[in-house]
Amino acid sequence: MTLPHTTPASEAEAVAVQLRLRERVVADSSGPAPGAPGTVVVGVDVAYDDDRDLVAAAAVALDAASLEVVAEATAAGPVAFPYVPGLLAFRELPAVLAALDRLTVAPDLVVCDGYGLAHPRRFGLASHLGVLTDLPTIGVAKNPPPLAVREPPRPLAPGRGATAPLLDAGDEVGRALRTRDGVRPVYVSPGHRTTLDDACAHTLPLTVGVRLPQTTRLADRLCRDTLASGG
DNA sequence: GCGACAG
DNA sequence: ATCTTGTCGC
């Protein structure tokens, strides 16, 4: 990876790391164009067993067009950081980075299960992973971020593809995106080397017939199985 | 002080 | 995240 990851000794130090690293986020579209043929999309996810002090991560690479699995990798280790809202990256990154290292194909885009820009300090898990690896990343979360300035929840049209802005101090930092008709939306935001428009455009083809991106679903299943198999 | 709070 | 059966709908 381009930058090393180190586990902070305190929450205050973790916040300081975020404020420093967020300066390095690249907010352009130097990542793959949505729909570009041959794009390798990698989903990452993590499962925990706090009692055994064990965390397992999985990285699953798909062909963006066919959604066929191209490669998989897992990694397990001790839990490095407690769960603290806003600091999820420090809990998940060590295992995720290890799994990505074991992947035999080069990711064109990494899809994270969590926030990117749509984060209280505008530096969620997806942004953090992108800065450390310099890979294009996006964040797709199941729940809305607790933004400081939340706008009156604008109603979201019922059909797949409908969106509503996630505003933070007047800036659109993410989007609620309906990926299935009549089903609650997911919350998409750019991480590194992607734009919000592209993040949403990348998400739609990954969610044909399902709410969450296939990348996330497959990675979730794999890391869960890995944890169950011992670690 | 209390509630809210990605995974 | 994780603890967990059935149930409604397509």
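FYI, side chains are in, hydrogens and waters are out, and symmetry mates aren't considered; it's all heavy atoms of this structure. By convention in this document, chain letters (A, B, ...) are assigned in the order of the sequence lines, proteins followed by strands, and residues within each chain are numbered from 1.
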Non-neighbouring partners of A/Phe123 that pass ring pair (Phe, Tyr, Trp, His ring centres under 6.0 Å), sequence neighbours left out: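 Per chain and number, A/Phe123 pairs via ring pair (Phe, Tyr, Trp, His ring centres under 6.0 Å) with A/His128.
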Ring pair (Phe, Tyr, Trp, His ring centres under 6.0 Å) partners for A/Tyr187, two or more places apart: none
Separation of [X] atom [atom1] from [N] atom [atom2], in whole Å?
X        : N     : atom1 : atom2 : value
A/His119 : B/dA6 : NE2   : C1'   : 8 Å
A/Tyr187 : B/dG7 : OH    : C1'   : 16 Å
A/Arg217 : B/dG7 : CZ    : P     : 15 Å
A/Arg175 : B/dA6 : CZ    : C1'   : 20 Å
A/Leu93  : C/dA1 : CG    : C1'   : 16 Å
A/Glu92  : B/dG7 : CD    : P     : 9 Å

DNA chain B-proximal residues of residues 121-130 of chain A, any heavy atom under 4.0 Å: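 Those residues are A/Gly124, A/Leu125.
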Neighbours of DNA chain B within residues 81-91 of chain A, by heavy-atom distance under 4.0 Å: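 Of all residues in residues 81-91 of chain A, the ones placing a heavy atom under 4.0 Å from DNA chain B are A/Tyr83, A/Pro85, A/Gly86, A/Leu87, A/Leu88, A/Arg91.
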Lys/Arg-Asp/Glu bridge criterion (N-O < 4.0 Å) met for A/Arg175, A/Glu172: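 Between A/Glu172 and A/Arg175 there is a salt bridge, with a charged N closer than 4.0 Å to a carboxylate O.
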Test salt bridge (charged side-chain N to carboxylate O under 4.0 Å, His left out) applied to A/Asp50 - qualifying residues, sequence neighbours left out: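 Checked A/Asp50 against salt bridge (charged side-chain N to carboxylate O under 4.0 Å, His left out); matches are A/Arg91.
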Contacts of type side chain to side chain donor-acceptor pair (under 3.5 Å), residue A/His202, not counting sequence neighbours: none
Is it true that atom [atom1] of [X] has more than 12 heavy atoms of other residues, nucleotides or ligands lying nearer than 6.0 Å?
X        : atom1 : result
A/Arg160 : CZ    : yes
A/Arg52  : CZ    : yes
A/Arg211 : CZ    : yes

Stems formed with participation of DNA chain C [Watson-Crick or G-U wobble, under 3.5 Å, three or more pairs]: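 Correct response: none, since no qualifying run exists.
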Salt bridge (Lys or Arg N to Asp or Glu O under 4.0 Å): pairs with one or both residues in residues 116-133 of chain A, sequence neighbours excluded: A/Arg122-A/Asp168, A/Arg122-A/Asp171
Residue pair A/Arg193 / A/Ser29, side-chain donor-acceptor N/O under 3.5 Å: no
A/Asn143 side-chain N/O to B/dG7 phosphate OP1/OP2 under 4.0 Å: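 A/Asn143 to B/dG7 OP1/OP2: side-chain N or O found under 4.0 Å.
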Short side-chain N/O contact to B/dA6 OP1/OP2 from A/Lys142, under 4.0 Å: no
Secondary-structure string, 5' to 3', Watson-Crick or G-U under 3.5 Å, | for another-strand partners, for DNA chain B: .......
Non-hydrogen side-chain atoms of A/Val110 and A/Val44 separated by less than 4.5 Å: yes
Qualifying side-chain hydrogen bond (donor to acceptor under 3.5 Å, both in side chains) pairs with a residue from residues 222-231 of chain A, counting only residues at least two apart or across chains: A/Asp220-A/Arg224
All pairs passing side-chain hydrogen bond (donor to acceptor under 3.5 Å, both in side chains) where residues 32-48 of chain A contributes a residue, at least two apart: A/Tyr48-A/Glu92
Could you go over nucleotides 2-10 of chain C and give all protein N or O partners under 3.5 Å, atom names and distances?
residue	atom	partner	partner atom	Å
C/dT2	OP2	A/Arg224	NH1	3.3

Spacing of A/Leu166 atom CG and A/Tyr115 atom OH [to the nearest 0.5 Å]: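 Going from CG on A/Leu166 over to OH on A/Tyr115, the span is 8.5 Å.
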Derivation of the side-chain contact (heavy atoms from CB on, under 4.5 Å) call for A/Val111 and A/Val41: CA-CA 7 Å; A/Val111 179; A/Val41 186; 3.6 Å; yes
A/His192 and its side chain to side chain donor-acceptor pair (under 3.5 Å) partner, picked from A/Asp28, A/Thr137, A/Asp134, A/Thr133: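 Of all the options given, the one that passes is A/Asp134.
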